[in-house]
Amino acid sequence: MNKRKFEFALELDREMLEEPFSKISISQICDNLNCSRQSFYYYFKKIEDCLAYLVRETFKSRVREDYLISDIFAFFENNADFVARCNKDKEAKTIFWDSLYIYIKKMLDLIFSKNIVDYLSLYPEQKDAITSFYTSGILQQARLYLSKPNVTKEKCISHCKIIIGSREDTRDMIRRFNR
């Protein structure tokens with residue numbers, strides 16, 4: 001991880017403590033870090049890219065491949081303030097969920113590539129369809145967990161495991177795609 005790039009992201013997070021994402025400017029971030037806007041643009045094209053980077057890095061540092069489902073819900077539990085700040089602003093909310101979607105899809109692609117031989121012979125479009133299906137189900141449970149106070153983490157994890165099924169269930173789905 002690039003230290004300077006992450007400093008910009010952390011400063012954005014600190015600013016989001018004070019005001020909604022849509023009101024924060026690149027100038028504010030640069031002023032607080034005593035650097036030029038050029039420094040910011042060296043790493044990011046726009047402020048939205050900085051938030052997407054922050055979400056990915058925050059998520060990546062806390063979610064491991066072999067505990068993907070439980071780590072996702074632990075992430076929401078342990079980073080409730082950050083998640084709330086992102087979900088407070090419409091634009092930040094979109095960036096937050098899109099970034100998680102992309103990251104989880106990549107993780108699932110990696111997991112399937114390592115563990116299911118038949119997955120490797122699929123066309124990219126087929127791999128995309130499978131990972132999109134599972135990612136959507138996982139994120140649906142995550143949104144449910146965050147929006148309904150009576151829904152427990154354990155219940156959502158259980159539903160995610162049902163969505164994904166056993167490794168054999170996933171293999172069967174992939175084999176159907178290969179026919």
Side-chain angles (χ1 to χ4, degrees), residues 1-114 124 127-128 131-132 134-149 151 153 156-157 160:
M1 172 186 351
N2 182 299
K3 184 180 174 186
R4 185 64 172 162
K5 187 175 186 179
F6 197 66
E7 284 176 359
F8 284 113
L10 287 177
E11 185 58 35
L12 173 60
D13 188 36
R14 282 191 283 277
E15 286 295 317
M16 288 174 65
L17 289 168
E18 305 295 323
E19 57 189 309
F21 173 76
S22 57
K23 303 242 188 254
I24 299 170
S25 70
I26 294 170
S27 296
Q28 264 177 280
I29 293 169
C30 293
D31 288 347
N32 292 344
L33 293 174
N34 295 319
C35 66
S36 69
R37 288 171 57 97
Q38 280 180 313
S39 297
F40 181 89
Y41 288 118
Y42 178 79
Y43 298 106
F44 306 105
K45 289 182 182 178
K46 51 191 176 186
I47 197 164
E48 291 84 356
D49 297 338
C50 184
L51 179 58
Y53 172 78
L54 175 62
V55 171
R56 282 190 312 272
E57 289 301 311
T58 303
F59 197 67
K60 184 174 22 175
S61 68
R62 293 174 175 86
V63 177
R64 296 158 301 177
E65 176 187 323
D66 45 343
Y67 298 102
L68 179 64
I69 302 297
S70 58
D71 281 358
I72 288 169
F73 289 94
F75 170 83
F76 288 119
E77 193 174 67
N78 298 330
N79 297 281
D81 292 341
F82 174 68
V83 174
R85 284 193 301 278
C86 288
N87 283 317
K88 198 184 311 183
D89 180 276
K90 185 180 178 182
E91 189 176 0
K93 183 178 184 176
T94 300
I95 294 166
F96 176 82
W97 288 102
D98 286 352
S99 297
L100 289 184
Y101 180 85
I102 291 166
Y103 187 78
I104 292 170
K105 263 184 78 169
K106 285 181 182 176
M107 289 284 286
L108 287 173
D109 182 61
L110 181 66
I111 291 167
F112 295 159
S113 293
K114 286 182 177 178
K127 291 178 182 179
D128 184 61
T131 55
S132 293
Y134 288 127
T135 301
S136 296
I138 292 168
L139 288 180
Q140 180 182 4
Q141 288 301 309
R143 285 187 172 122
L144 183 66
Y145 171 68
L146 292 174
S147 66
K148 305 277 187 205
V151 176
K153 176 175 86 169
C156 290
I157 289 171
C160 285

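Nothing fancy with the numbering, it's 1 onward along the sequence.
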Gap separating the [atom1] atom of [X] from the [atom2] atom of [Y], nearest 0.5 angstrom:
X: Glu18; Y: Lys23; atom1: CD; atom2: NZ; result: 14.5 Å
X: Asn78; Y: Arg62; atom1: CG; atom2: CZ; result: 8.0 Å
X: Leu12; Y: Gln28; atom1: CG; atom2: CD; result: 9.5 Å
X: Thr131; Y: Leu110; atom1: OG1; atom2: CG; result: 12.0 Å
X: Leu100; Y: Cys86; atom1: CG; atom2: SG; result: 8.5 Å
X: Asp31; Y: Ser36; atom1: CG; atom2: OG; result: 10.5 Å

Heavy-atom donor-acceptor pair, Asp71 side chain to Arg64 backbone, under 3.5 Å: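 Judged by distance alone, yes, a pair lies under 3.5 Å.
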Asp49 side chain to Phe44 backbone, donor-acceptor under 3.5 Å: no
Hey, are the side chains of [X] and [Y] touching, using non-hydrogen atoms and a 4.5 Å cut-off?
X: Phe21; Y: Lys88; result: no
X: Arg4; Y: Cys35; result: yes
X: Ile26; Y: Tyr41; result: yes
X: Phe76; Y: Lys153; result: no
X: Leu108; Y: Leu68; result: yes
X: Tyr145; Y: Glu77; result: yes
X: Tyr134; Y: Ile104; result: no
X: Cys30; Y: Glu11; result: no

Side chain to side chain contact (heavy atoms under 4.5 Å, CB included) between Lys93 and Lys90, worked out: CA-CA 5 Å; Lys93 183 178 184 176; Lys90 185 180 178 182; 5.7 Å; no
Test of ring centre spacing under 6.0 Å for Trp97 and Phe59: no
Note: Lys127-Asp109 ion pair, threshold 4.0 Å (strictly below): no
Closest heavy-atom pair and its distance - [X], [Y]:
X: Met107; Y: Val63; result: CE-O, 4.2 Å
X: Leu146; Y: Asn87; result: CD1-ND2, 4.4 Å
X: Ile47; Y: Ser25; result: CD1-C, 4.1 Å
X: Arg85; Y: Met16; result: CD-O, 3.4 Å
X: Ser70; Y: Ile157; result: CA-CD1, 4.0 Å
X: Thr58; Y: Leu54; result: OG1-O, 2.7 Å

Lys5 atom NZ, neighbour heavy-atom count above 12 within 6.0 Å: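 Enclosed.
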Other residues, nucleotides, ligands: >12 heavy atoms within 6.0 Å of Glu19 CD: yes
Between Ser99 and Tyr53: side-chain donor-acceptor atoms closer than 3.5 Å: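 On atom types as modelled, these side chains do not qualify, holding no pair under 3.5 Å.
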Aromatic ring pairing Phe96/Phe82, orientation class (parallel under 30°, perpendicular over 60°, tilted between): perpendicular
